[in-house]
Structure formats: structure tokens, C-alpha cells
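Take a look at the structure set out below.
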Amino acid sequence: MLTKKSIYRLVIICFVAFLCLLGYRIWLLNSSKFISFDKQLEEISGIEFDKNLQLWAINDGGDSPRLYQLSANGEIKRTIEIENAKNWDWEDMTQNDFGHFFIGDFGNNDNDREWLTIYKIENPIDIKSDTTHAEIIKFTNPEFKPVEGQVVRKNAHYDVEAFIYFQRSLYLFTKNRSRPFDGKTRLYRIGDYAANFETEYINEFSTCTTIKELCWITSAALSPDRSKLVLLDSERLWLIENWQGDDFFSGDVYQIDLGIVTQKEAVTFYNNEVIVFTDEVFSGIGGNGYAIKLDQVKKKLIQKSGKTINARDTNEELSAE
């Protein structure tokens, strides 16, 4: 029978355990921090390294249509403005094999945009002035189209914050706003050249179903050797390898814990083994860049060859490795 004293001890133990867990998660994130960004980049939403390994960044909607080249200490070295672009809601960046940058102006929080935009510019290394022009890629999807009198639908995959370039195509990962939240991100394909496209559905993947703000995908990146894909949410990386064709969700999926929850919005590869991600400033927290090495972090196997596995299978697989 529980006494008042034993209940009190139990509460103290639980509280201490919570503080220890919180402290560990704060340490886990901060131990990977390597840079703090200029205050002009408080809403950093996309990053990419050019072929000279110089870091470029973009801001979320509301800023001018500009790219920022950053120094090693996070200061702005150079800006390039895209004269025929608008920053409606810039959300991610990627690049092709030639170093051409793609900027995703496809944020659609309120489902008020039927056609979304991607800007393609030449390799920033080759841009000699502080302005440039972009090729304009437009895309739509019947699922994105607003329904009169209905703000959010049950299958709400009209919002996009993540994409990658792969084998002459662009691949989009939706930011799920379904009610009730089902935790899925859908994968769509469009072309990589100036035209109007209707997205082609490929597959979908479930992250988690607890709280959508913790589970939805905010950025994506492909390794330089095109063998690894990562998806980012507020507290995790989803590392994917060994997929078939261009169905990335057919492969092996690992979960990497990034520590305490912050508004993580951008991810890229520095090289094939080092991943860099960032968070926006929110309530005075964030505005930093973080780096992890894949051979030094704990990876939890979630899916093997397109099939979800249970905890026992995970332990056996990791033991075998």
C-alpha cells in the first residue's frame, strides 16, 4: 500500500529522472552546434554547400528573394538577389550535379496557393554580380486545390517544405496537415526544367503520429554520392539508404535523435558522412547550425527494405552489424 511518504519519493524520483532526460537532450543538441547565424537569418529555411564548400542560406517568407553566402563564423559575406523572383514562402534548397541551385517557394500553410514555384539559378560560384535571373518551374496537384468552405481536409498534403534533386527530376516531400494527424509524408516527382507540371505520386512514409509539429518534414537532402537521403523534423533525422529506383521509401530507414525540440528547418550534406542542419529563432532559442558525423551517432533501424520492423528485429539487425 502506498503511503504519503512513498508517493512523495516516487514524485521526486520521476522529477529527477525528467530533469536528467531533459538535460541529456539539451546536451545532445548543443554538443553538435558549430555556428550561430547573423541576425538577418533568424528564419533560415534552406541551406546548401556549393562546389567550393561555401555555405549558402535562404530565409523563410517575408524576406527579399535573396541568397546569403556565409562565413565560417556565420556572418553574411555576400548576397545574390533573384530579380524575377518573389519570396512568398521559401522553404528549402537543393542542387543538381552541375551545381545549379533550386529554391523551393512552395510553402502553403493556409492552402491558398494552387500553383507552387521552384526557382532554378546557375551555380552561385559562376554568378559574378549581386543579381541574377532564374528559370521558373511551376507545379500543382489536384490534392493541393482548395475546397470551397473547407480550410483543412482529412488528407491534407497541400503544403511542401522539403525537396531534393535526383537523376534529372525533383522530388517533393509533403508537410502533412491532416486532421486527425496520420504522420505521413508523401513523395511526389516533377521535372527539373522550366515548365508547368502536375506532380506524380510515388509513395508515402509514416514518421510519427504524436504531435504534428514534432513529426512533419521540414527539409530534405541527398548526399553528394546520391546514396543517402535524410529528412528532417523538429527532433530527428530520418536516414534512408538502399532504395530501389527512385522510390526512396522502399529502402532502409534509420532514426537519428537530435536532442531537444527546436524549430529545425534546414538540412544538407557537407560531404557523404557529415550532415549539417539548422534551426530558426523561436522565443529567443535557435538560429544555429549543427553538424553530425554518421559514423559517430546512434542510428535506430526503423524499416528494412521497405518493411517496418519491431524492436526485437531492430536489436537483432544492429547486433548483426
Side-chain angles (χ1 to χ4, degrees), residues 41 44-70 78-108 113-141 144 159-175 187-200 202 217-224 226 229-231 246 248 265-269:
L41 289 163
I44 189 168
S45 61
I47 55 173
E48 197 71 22
F49 287 97
D50 64 26
K51 297 302 182 182
N52 291 337
L53 295 181
Q54 301 170 113
L55 182 61
W56 294 82
I58 56 173
N59 264 330
D60 207 335
D63 192 11
S64 299
R66 292 180 292 187
L67 285 80
Y68 300 87
Q69 183 186 352
L70 303 178
R78 179 188 176 200
T79 63
I80 298 176
E81 183 162 347
I82 305 176
E83 292 184 313
N84 62 332
K86 178 181 179 180
N87 187 344
W88 184 293
D89 197 354
W90 286 13
E91 291 292 356
D92 205 6
M93 285 202 297
T94 189
Q95 66 177 294
N96 64 16
D97 298 332
F98 300 102
H100 300 135
F101 275 28
F102 298 84
I103 301 163
D105 186 6
F106 40 45
N108 195 21
R113 305 172 69 187
E114 184 176 352
W115 285 90
L116 305 178
T117 304
I118 294 171
Y119 297 108
K120 179 182 180 181
I121 64 171
E122 60 184 313
N123 190 329
I125 296 172
D126 298 325
I127 300 174
K128 304 307 179 185
S129 69
D130 57 2
T131 62
T132 191
H133 275 70
E135 296 181 39
I136 298 177
I137 302 167
K138 293 279 189 178
F139 68 92
T140 189
N141 186 306
F144 296 168
D159 196 5
V160 180
E161 287 199 6
F163 76 140
I164 60 168
Y165 167 90
F166 181 66
Q167 295 182 351
R168 299 299 305 274
S169 293
L170 297 172
Y171 292 84
L172 314 165
F173 302 88
T174 60
K175 183 178 182 180
L187 171 62
Y188 293 93
R189 176 176 56 219
I190 62 172
D192 70 334
Y193 52 90
N196 294 339
F197 294 97
E198 185 169 298
T199 60
E200 179 183 354
I202 296 178
I217 299 303
T218 58
S219 186
L222 202 63
S223 60
R226 308 307 192 201
L229 166 70
V230 288
L231 305 177
D246 63 355
F248 303 107
E265 293 284 344
V267 66
T268 192
F269 279 84

Heavy atoms of P65 and A85 approach each other most closely as CG-O, 3.5 Å

So, the side chain of R78 versus the backbone of D130: is there a donor-acceptor pair under 3.5 Å, distance only?
no

Measuring centre to centre across the rings, with the benzene-like ring taken for any Trp, is Y188 within less than 6.0 Å of F139?
no

Can you tell me if N87 uses its side chain to pair, donor with acceptor, with the backbone of D60 under 3.5 Å?
yes

Find the distance between CD (E91) and CD1 (I103) and round it off to the nearest 0.5 Å.
13.0 Å

Check: I164 and F248 side chains under 4.5 Å, non-hydrogen atoms:
yes

So which atom in T117 and which in K138 form the shortest heavy-atom distance, rounded to 0.1 Å?
OG1-NZ, 2.8 Å

Find out whether I127 and F101 are in side-chain contact, i.e. whether some heavy atom of one side chain is under 4.5 Å from a heavy atom of the other.
no

Can you tell me how far OG1 of T94 sits from NE2 of H100, rounded to the nearest 0.5 angstrom?
13.0 Å

Any sub-3.5 Å donor-acceptor pair from N123's side-chain atoms to D50's backbone N or O?
no

Would you name the heavy atoms of A162 and A220 that are closest together and state the gap between them?
CB-N, 3.6 Å

Looking at residues at least two apart in the chain, or sitting in another chain, which of them share a side-chain contact (heavy atoms from CB on, under 4.5 Å) with A194?
E135

What heavy-atom pair brings F163 and G104 nearest, and what distance separates the two atoms?
CZ-N, 3.7 Å

Check whether D192 reaches the backbone of L170 with its side chain - one donor and one acceptor, N or O, closer than 3.5 Å.
no

Side chain to side chain, N84 and I136, heavy atoms closer than 4.5 Å:
yes

Taking the side chain as everything from C-beta on, heavy atoms only, tell me whether Y171 gets closer than 4.5 Å to L229.
no

Of all the heavy-atom pairs spanning P124 and G99, show the shortest one and how long it is.
CD-O, 3.8 Å

Can you tell me if S219 uses its side chain to pair, donor with acceptor, with the backbone of V267 under 3.5 Å?
yes

R189: what forms a salt bridge (Lys or Arg N to Asp or Glu O under 4.0 Å) with it, not counting sequence neighbours?
E200, D246

Does N96 reach the main-chain N or O of Y165 with its side chain, forming a donor-acceptor pair under 3.5 Å?
no

Looking only at atom types and distance, does a side-chain atom of S45 sit under 3.5 Å from a main-chain N or O of W90, one as donor and one as acceptor?
yes

Heavy-atom side-chain contact between N141 and L172 under 4.5 Å:
no

Value for CD (E161) from CG (D92), rounded to nearest 0.5 Å, stands at 8.5 Å

According to the interplanar angle, ranging from 0 to 90°, do the rings of Y193 and F197 count as parallel (below 30°), tilted (30 to 60°) or perpendicular (above 60°)?
perpendicular

Nearest-0.5 Å distance that lies between atom CD in E122 and atom CZ in F98:
14.0 Å

Tell me, do L187 and F173 make a side-chain contact under 4.5 Å, heavy atoms counted?
yes

N59 vs L41 side-chain heavy atoms within contact, under 4.5 Å:
yes

So, the side chain of D105 versus the backbone of D89: is there a donor-acceptor pair under 3.5 Å, distance only?
yes

Would a distance-only check, ignoring hydrogens and angles, find a side-chain to backbone donor-acceptor pair under 3.5 Å from N52 to Q54?
no

About how many Å separate CD1 of I80 and CZ of R66, when rounded to the nearest 0.5 Å?
12.0 Å

In the structure I gave you, are the side-chain heavy atoms of R226 and D97 within less than 4.5 Å of one another anywhere?
yes

L67 side, atom CG; T132 side, atom OG1 - distance, nearest 0.5 Å:
9.5 Å

Minimum heavy-atom separation for E48 and T268, please, with both atom names.
OE1-OG1, 3.5 Å

